[in-house]
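This report concerns only the one structure given below.
What you see is a predicted model; the values in this text were computed from it and never measured.
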Amino acid sequence: DTTVGVTLEQLAPYLALHERNAESLVAAYCLTKNEALLREALERFPDDPSVLETAYTELKGADRLALAQRLAEVSPDNGFGPRLAAGLLLDAGDREGAMASLLEAGTRHEVADHGVARGTAMREALLACGFGSAEATLGSLWSNPIIPIYWVNVATKELGERTKQALDEG
């Protein structure tokens, strides 16, 4: 369990203060694991990269390929979405699609996730709930569903090797 013991009732003033914007809904979801919050964020803010990333990693039953492809569309300079899509396409046996996604990722100027911004919003939410500074910082780190960029890069290297091997095999 990666929740820190905060309730939706405790978060209600924080959500109201931020007018239930994408950032506050994602932060509240991460702290409570209440899927209704993440689904609301995805419905209201379908083009927000942080919402798409969080839904990709967390939402049970989600179409992860559609989320990764949408992330690629809304973040044209970010190679994160195409890299996520490439892994899913390769796992599904679509070698040509995986290679196209990898090539697309290579044309992007950056590979970045929104984990730091998500963590900052979570810390702010915990502070609003009365947590002390140290507790809020640790709670935001504990509850953040970050896909560290290091691991994305490791996975991309592995994906490239698997794609090459699959192409060599015919």
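- Put simply, CZ on R64 and CG on L71 are 12.5 Å apart, with the number rounded to the nearest 0.5 Å.
- Linking ILVMFWY residues whenever their side-chain heavy atoms come closer than 4.5 Å, directly or via other members, leaves L17 and L31 in distinct clusters.
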Requested in this report: Report the C-alpha distance between V4 and M122 in whole Å, list the side-chain angles of each, state the deciding distance to 0.1 Å, and finish with yes or no for side-chain contact (heavy atoms from CB on, under 4.5 Å).
Outcome: CA-CA 11 Å; V4 293; M122 291 164 50; over 6 Å; no
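- Interatomic distance, CG of L90 versus CG of L102, reported as 8.5 Å (0.5 Å rounding).
- In the hydrophobic clustering of this structure, V6 does not group with L138; members are Ile, Leu, Val, Met, Phe, Trp, Tyr whose side-chain heavy atoms approach within less than 4.5 Å, directly or through other members.
- From R118, atom CZ reaches atom OG of S140 across 11.5 Å, with rounding to the nearest 0.5 Å.
- Of the inter-residue distances, the one linking R70 atom CZ with L52 atom CG reads 7.5 Å to the nearest 0.5 angstrom.
- Between H114 and P49, the closest heavy-atom pair is CE1-CB, 3.2 Å.
- Hydrophobic clustering (side-chain heavy atoms under 4.5 Å, transitive across Ile, Leu, Val, Met, Phe, Trp, Tyr) keeps L127 apart from Y14.
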Query - Test log, rule side-chain contact (heavy atoms from CB on, under 4.5 Å), inputs L8 and L37 - result: CA-CA 10 Å; L8 190 52; L37 294 165; 3.8 Å; yes
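- Rounding to the nearest 0.5 Å places CG of L15 at 5.0 Å from CZ of R20.
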Requested in this report: Decide yes or no on side-chain contact (heavy atoms from CB on, under 4.5 Å) for F45 and L25, but give the supporting numbers first.
Outcome: CA-CA 10 Å; F45 307 100; L25 287 166; 3.9 Å; yes
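- Annotation for E19: atom CD does not count as buried by contact number, only 12 or fewer foreign heavy atoms lying within 6.0 Å.
- In this structure, OH on Y29 lies 9.5 Å from CZ on R39, to the nearest 0.5 angstrom.
- Residue E35 comes nearest to E58 through the heavy atom pair OE2-O, 4.2 Å, listed as atom of the first residue, atom of the second, then distance.
- Pairing each heavy atom of P76 with each of R108, the nearest pair is O-CD, 2.9 Å.
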